[in-house]
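Worksheet for the structure shown next.
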Number of protein chains: 2
Amino acid sequence: MFINIDLQSDDPIYTQLKNQIIASIARNEMRPGDGLPSVRRLAADLGINLHTVNKAYQQLKQQGFILIHRQKGVVINPEGIPAADEQYRESLERVLSPLVAESFCKGITEKEFTTLCQKLFGQLTNEGGWR
Amino acid sequence: MFINIDLQSDDPIYTQLKNQIIASIARNEMRPGDGLPSVRRLAADLGINLHTVNKAYQQLKQQGFILIHRQKGVVINPEGIPAADEQYRESLERVLSPLVAESFCKGITEKEFTTLCQKLFGQLTNEGGWR
DNA sequence: TAACTGTTATACTATATATATAACAGTTAT
DNA sequence: ATAACTGTTATATATATAGTATAACAGTTA
């Protein structure tokens, strides 16, 4: 687990935590079935509060990224991450839309934009992957 | 001006306002030189507070989308919107990165993702455009 | 028994969002 | 000149979110 929290960031700590765990999964650094630290352990390691970690874990659980067993602890969903449904695709479009509009106004072309997205996809890997 | 505010949205009102004005420019519905309502006028029309409008205007001004003359009122930047610099491109990448990672985990392919971006670009127009 | 697990509850601080007034200085139209 | 505008600034208040600090509960594991 390589988590880096920036206390000066505009993003809340629990959001940074969520994003970095998702990024670890996307980069195949963490795989389905792998365990995550307990809320107390991770909070202590990062020097933050247990509730902040718990909030991130709860949201990851709700999105199906992790399972939380009272006994076995926290585990990346062994069944794999649930596939995007129509609702997720709509929310993705809602988030992307203002980014595209602003970029367009600032002269960023469709080509440059999609090339950037491709570059970001390229930084992820599915080698020996789970999907 | 077709502004629609959703008080139930997770996005703050001033952000919704900002995004919709930027979207209007991107769709070529509003062009450089066009005037915008005064803070009091727009606030009254939308049924919100003058300071909320002012906050949106100040941020749009800081990004170069609009100019605010004490006398002439508020105008979409007649020189056109400033082109994206390296700093903007970096911030765009920082915002896009977690979206790509999450989408990837949920099985959205690079192709589907870029196709969505292309669709959003396609909804904008540069006919008779200013850039 | 002791040390851990997730979970829940309460309380407190700080910041962000939004509103409500009020006032100031400068235009513009009557 | 007066009245009606303009953006701007200041102050105050209410609410929600973010983060922390403790404490406790029920269950597991060594």
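Bear in mind the structure is a predicted one, so any value in this text is a computation, not a measurement. Every chain is numbered from 1 and lettered A, B, ... according to where its sequence line falls, protein lines coming before strand lines. Scope of the values below: all heavy atoms of this structure, side chains included, with no hydrogens, waters or symmetry mates.
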Distance, rounded to the nearest Å, where [X] contributes [atom1] and [N] contributes [atom2]:
X       : N      : atom1 : atom2 : result
A/Leu46 : D/dG19 : CG    : P     : 13 Å
B/Lys18 : C/dA18 : NZ    : C1'   : 16 Å
B/Arg41 : D/dC5  : CZ    : P     : 9 Å
B/Gln16 : C/dA18 : CD    : C1'   : 13 Å
B/Asn54 : C/dT17 : CG    : C1'   : 14 Å
A/Leu17 : D/dT20 : CG    : P     : 11 Å

If two hydrophobic side chains count as joined below 4.5 Å and joins carry through other members, does [X] share a cluster with [Y]?
X        : Y       : value
B/Tyr14  : B/Leu7  : no
A/Leu120 : A/Leu99 : yes
A/Val75  : A/Met30 : no

(request) Name the residue closer to the 5' end of DNA chain D, choosing between B/Tyr57 and A/Thr15 according to the nucleotide with the nearest heavy atom. (result)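 Looking at the nearest nucleotide for each, B/Tyr57 comes out on the 5' side.
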
Enumerate, atom names and distances included, each donor-acceptor pair closer than 3.5 Å involving a side-chain atom of residues 38-49 of chain B, sequence neighbours excluded.
from, atom 1, to, atom 2, distance (Å)
B/Ser38, OG, B/Arg41, N, 3.1
B/Arg41, NE, B/Asp45, OD1, 3.4
B/Arg41, NH2, B/Asp45, OD1, 2.7
B/Asn49, OD1, B/His51, N, 2.8
B/Asn49, OD1, B/His51, ND1, 2.9

(request) Taking only heavy atoms on the protein side, list every residue of residues 5-14 of chain B lying under 4.0 Å from any atom of DNA chain D, sorted numerically. (result)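 None, since no heavy atom is under 4.0 Å.
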
Donor-acceptor pairs under 3.5 Å, side chain of residues 60-69 of chain B to any protein atom, not counting sequence neighbours: which ones?
from, atom 1, to, atom 2, distance (Å)
B/Lys61, NZ, B/Gln58, OE1, 3.4

Main-chain N/O of [Y] paired with [X] side-chain donor or acceptor, under 3.5 Å:
X       : Y       : answer
B/Arg89 : B/Ala84 : yes
A/Ser97 : A/Glu93 : no
B/Gln16 : B/Asp11 : yes
A/Ser9  : A/Asp6  : no

(message) Check this for me: A/Gln87, atom CD, are more than 12 non-hydrogen atoms of other residues, nucleotides or ligands nearer than 6.0 Å?
(response) no

(request) Could you tell me the separation between the OG1 atom of B/Thr15 and the CD atom of B/Gln20, rounded to the nearest 0.5 Å? (result) 11.0 Å

Are any of [X]'s side-chain N or O atoms less than 4.0 Å away from OP1 or OP2 of [N]?
X       : N      : value
B/Lys55 : D/dT9  : no
B/Gln58 : D/dT8  : yes
A/Thr52 : D/dT20 : yes

(message) Holding to salt bridge (charged side-chain N to carboxylate O under 4.0 Å, His left out), I want the full list of residues that pass it with B/Asp34, two or more places apart in sequence or in another chain.
(response)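 None.
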
(message) I want to verify a distance call: between D/dT9, C/dT7, D/dT6, whose nearest atom is closest to the B/Ser38 side chain?
(response) D/dT6

(request) Counting heavy atoms from C-beta on, name the nucleotide in D/dG7, C/dT7, D/dG19 closest to the side chain of B/Val74. (result)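 My answer, after comparing the listed nucleotides, is D/dG7.
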
(message) As a test of your reading of the structure, name each stem of DNA chain D as range with range, where a stem is three or more consecutive Watson-Crick or G-U pairs at under 3.5 Å.
(response)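 Expected stems, ordered by start: C:1-4 with D:27-30, C:6-24 with D:7-25, C:26-30 with D:1-5.
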
(request) Using a 4.0 Å cut-off on protein heavy atoms (strictly under), produce a 5'-to-3' string for nucleotides 21-30 of chain D with B for base contact, S for backbone-only sugar-phosphate contact, and - for none. (result) BB-B-B-S--

